[in-house]
Amino acid sequence: MLGEIDAWLIGEGRHQRLYEVLGAHAGRKAGVEGVSFAVWAPNARSVAVVGDFNDWDATRHPLRQVHGRGVWEGFVAGARVGAHYKYALFAAAGGAPLLKADPFARRAELRPATASIVAAPLAARTARRIPAGSTRPVSIYEVHAGSWRRGKGGAFLSWPELAGPLLAHVKALGFTHIELLPVTEHPFDGSWGYQPTALFAPTARHGTPEQFADFVAQFQDAGVGVILDWVPGHFPADDHALARFDGTHLYEHADPRQGVHRDWNTLIYNYGRVEVRNFLIASALYWLETFGVDGLRVDAVASMLYLDYSRRDGEWVPNQDGGRENLEAVSFLRELNGIIATRVPGAIICAEESTAWPGVTRAAEDGGLGFGYKWNMGWMHDTLDYMRRDPVHRMHHHDRLTFGLLYAFNERFILPLSHDEVVHGKGSLLRKMPGDGWQRFANLRAYYALMWAQPGKKLLFMGGEFGQEAEWNHDGELDWNALADGRHGGLMRLVADLNACYRRESALCDDSGPAAFEWIDHRDHAQSVIAFLRVTPGARDIVVVCNFTPVPRHGYRIGVPHGGRYRELINTDAACYGGSGLGNGGQVIAQAAPAHGRPASLALTLPPLAVLYLARDEA
């Protein structure tokens with residue numbers, strides 16, 4: 001059943017539709033209905049498929065090895081879509097068979113059960129991907145599907161149940177994309193999907209693959225893109241999964257100095273094995289081509305790039321040149337991004353890379369890794385550290401606000417306030433803010449306005465849009481009751497208005513290069529005020545002024561490029577957001593008084609702990 005060309009491509013690690021020939025596929029052979037099974041297990045002594053169609057008896061349906069590429073295959077007459085199955089692999093060393101889930105299963109049982117399920121054929125759909133680019137708005141709402149909302153008795157919502165309210169919420173807030181924490185099947189709820197055991201199967205927690213495909217289509221049809229978290233950096237050591245799959249270290253490195261993540265008690269893929277690379281690339285293409293998702297966010301890239309990642313001396317193996325760089329992982333990431341760029345042009349591939357590795361978003365042919373975007377973890381750490389400080393001390397940490405602009409255009413960045421910042425005892429974003437209740441909301445409003453104004457695409461984890469008080473709990477749902485408090489509702493209104501302004505004003509969207517950002521004044525550390533311009537050809541400039549103290553400032557003068565009337569587009573201290581209502585009456589006239597090296601200037605009232613966006617009225 002496995003053709004010679006398929007077998008040759010598998011051996012070369014170049015079969016980009018590997019999921020079409022390996023795994024379980026229902027169909028007809030010689031007029032007989034059944035299921036074809038195929039699995040890569042080159043070091044097994046023998047392999048059988050077991051399931052509810054043969055009473056889990058390993059003697060009933062042995063598979064045969066074909067074409068000398070380590071692939072075992074067979075056809076089980078009478079097996080049907082929906083059948084539960086595993087592979088019984090007899091290791092060369094002898095002993096009882098290993099019962100393994102199918103690495104290419106496109107459907108899996110709900111935990112704690114671990115069998116694979118024969119999935120119905122799922123035709124690739126024509127995606128309606130939402131365009132992205134250096135001059136387009138990309139504002140991402142990060143979602144954990146299992147805890148955004150829950151059903152009766154705390155039950156998980158199905159994809160159809162989740163789609164309607166989530167889509168309405170995202171559209172009302174003006175986000176351009178959602179990003180789902182990994183939807184690949186995983187055994188432990190507390191891993192949030194980051195320890196997957198089935199890289200081709202949407203989790204059974206929310207329904208069938210067909211329902212997930214409809215979920216994606218519904219969002220894209222409404223103009224909202226769907227990005228998936230995807231985890232090629234490590235996998236769990238559960239007995240039913242990939243670990244020692246055929247009795248040998250097939251997918252992972254045998255040497256624990258290369259093959260084990262001590263932090264997460266997980267195993268590391270062997271990126272030097274072409275079949276393993278092929279497996280991972282095929283998984284990425286499966287989600288992009290079959291489900292038509294807009295993109296992937298690749299998790300834990302830093303852990304892939306460094307051989308000494310979170311390891312002490314003596315716990316890691318240097319590369320062939322004696323260095324700490326994982327050259328095999330670098331090669332894999334370049335190959336992955338190159339293939340996606342060719343096969344799925346327009347797909348958004350983001351790297352969660354937390355170090356200063358050069359050229360993450362540079363093309364592979366130019367020495368980079370080839371990603372479309374990189375999460376700007378340095379910006380997040382610096383600005384969050386600044387915002388957590390009492391305003392009286394902020395003058396001593398002014399560089400936390402300004403340093404990120406020195407490298408803001410070195411990569412194509414996403415500015416993330418993600419789930420990682422509101423778990424493991426870190427507290428919610430709101431609780432990180434200093435001061436009394438009023439000041440905490442004011443600080444958070446100002447922080448969001450700063451993020452939306454600075455260069456880089458935007459990402460906000462669910463619950464952040466209304467300032468959830470409690471740390472995120474994956475076993476429950478967001479605290480939607482908080483919206484009864486007008487301060488939370490005001491914050492959510494601000495997020496919607498920030499997104500609307502971001503999508504409307506071309507200057508805020510332009511991340512193409514240093515010309516898109518100009519400092520007006522970044523030296524007023526004594527008053528914790530910064531002011532800057534966002535500019536782009538053919539669109540009006542946006543003036544942004546930030547006051548990070550609770551002290552109102554009257555007659556604060558900043559230079560601007562032109563005279564005329566400037567209107568307040570955003571004032572985070574507006575009463576409708578829960579602020580004090582201090583401001584400039586919605587507009588201010590620029591005076592012919594030079595300041596900051598510019599021919600005109602504005603004398604502004606700066607509200608406390610607030611950010612202003614202003615634009616010249618060209619009507």
Side-chain angles (χ1 to χ4, degrees), residues 135 137 398 401-402 405 408 442 445-446 448-455 494 497-498 500-577 579-619:
T135 59
H398 201 66
L401 287 179
T402 60
L405 276 303
R445 292 193 303 267
Y448 287 173
L450 174 70
M451 180 170 100
W452 258 264
Q454 290 200 318
L494 172 66
D497 286 353
L498 288 171
C501 189
Y502 173 59
R503 297 176 72 157
R504 183 180 65 247
E505 302 294 338
S506 298
L508 293 174
C509 303
D510 190 346
D511 312 312
S512 58
F517 179 93
E518 297 178 15
W519 281 115
I520 296 175
D521 185 13
H522 58 82
R523 294 179 293 272
D524 191 0
H525 58 85
Q527 299 185 86
S528 298
V529 175
I530 59 172
F532 55 88
L533 281 172
R534 296 301 312 277
V535 300
T536 195
R540 61 181 180 174
D541 299 342
I542 304 299
V543 178
V544 181
V545 189
C546 312
N547 175 18
F548 289 110
T549 68
V551 180
R553 306 198 183 279
H554 299 280
Y556 191 94
R557 188 170 296 277
I558 64 162
V560 291
H562 308 285
R565 185 191 312 273
Y566 283 74
R567 295 190 182 276
E568 282 185 347
L569 305 181
I570 294 288
N571 175 356
T572 65
D573 192 50
C576 63
Y577 303 141
S580 66
L582 187 64
N584 298 277
Q587 62 184 25
V588 62
I589 305 297
Q591 302 169 353
H596 300 114
R598 302 180 186 275
S601 60
L602 300 173
L604 296 170
T605 294
L606 302 187
L609 295 172
V611 172
L612 302 177
Y613 294 5
L614 302 109
R616 184 166 172 262
D617 190 349
E618 298 176 348

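Keep in mind that what you see is a predicted model, and the values were worked out from it rather than measured.
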Asker: Distance check, rounded to the nearest 0.5 Å: His522 atom NE2 versus Leu401 atom CG?
Answerer: 12.0 Å
Asker: In the structure I gave you, are the side-chain heavy atoms of Pro537 and Asp510 within less than 4.5 Å of one another anywhere?
Answerer: yes
Asker: Under the salt bridge (Lys or Arg N to Asp or Glu O under 4.0 Å) rule, collect the residues that match up with Glu505, sequence neighbours excluded.
Answerer: Arg540
Asker: Check whether any side-chain heavy atom of Arg565 sits under 4.5 Å from a side-chain heavy atom of Leu614, and report yes or no.
Answerer: no
Asker: Minimum heavy-atom separation for Val551 to Pro608, with atom names?
Answerer: N-CB, 4.1 Å
Asker: List for me each residue that meets ring pair (Phe, Tyr, Trp, His ring centres under 6.0 Å) alongside His596, sequence neighbours excluded, and say none if there are none.
Answerer: none
Asker: Taking atom types as modelled, find out whether Asn584 and Tyr566 have a side-chain donor-acceptor pair closer than 3.5 angstrom.
Answerer: no
Asker: Nearest 0.5 Å, please: how far is CZ in Phe517 from OG in Ser512?
Answerer: 14.0 Å
Asker: Using side-chain heavy atoms (C-beta onward) and a distance below 4.5 Å, is Thr549 in contact with Asn547?
Answerer: yes
Asker: Which pairs pass salt bridge (Lys or Arg N to Asp or Glu O under 4.0 Å) with one or both residues in residues 549-561, sequence neighbours excluded?
Answerer: none
Asker: Taking the side chain as everything from C-beta on, heavy atoms only, tell me whether Val544 gets closer than 4.5 Å to Leu450.
Answerer: no
Asker: Could you measure the distance from the CZ atom of Arg534 to the CH2 atom of Trp452? Nearest 0.5 Å is fine.
Answerer: 14.0 Å
Asker: Looking only at heavy atoms, which two atoms of Phe532 and Cys546 are closest? And how far apart?
Answerer: CE2-SG, 4.4 Å
Asker: Can you tell me which residue pairs pass the ring pair (Phe, Tyr, Trp, His ring centres under 6.0 Å) test with a partner in residues 538-561, sequence neighbours excluded?
Answerer: Tyr386-Phe548
Asker: Return the SG to CD1 distance between Cys501 and Ile570, rounded to the nearest 0.5 Å.
Answerer: 5.0 Å
Asker: Do Pro455 and Leu405 have side chains that get closer than 4.5 Å, going by heavy atoms?
Answerer: yes
Asker: Should Trp519 and Ile530 count as side-chain neighbours, where that means a heavy-atom distance under 4.5 Å?
Answerer: yes
Asker: Flag the pair Pro607 / Thr572 as yes when at least one side-chain heavy-atom distance between them is below 4.5 Å, and no otherwise.
Answerer: no
Asker: At what distance, to the nearest 0.5 angstrom, does CD1 of Ile520 lie from CD1 of Ile558?
Answerer: 4.5 Å
Asker: Could you name each residue pair satisfying salt bridge (Lys or Arg N to Asp or Glu O under 4.0 Å) that touches residues 586-606, not counting sequence neighbours?
Answerer: Glu518-Arg598
Asker: Check salt bridge (Lys or Arg N to Asp or Glu O under 4.0 Å) between Arg504 and all other residues, then give those that pass, not counting sequence neighbours.
Answerer: none
Asker: If I compare all heavy atoms of Leu582 with all of Asp573, which pair ends up nearest, and what's the gap?
Answerer: N-OD2, 3.1 Å
Asker: Could you measure the distance from the OH atom of Tyr577 to the CG atom of Leu494? Nearest 0.5 Å is fine.
Answerer: 5.5 Å
Asker: Quick check: do Val543 and Arg616 have side-chain heavy atoms less than 4.5 Å from each other?
Answerer: no
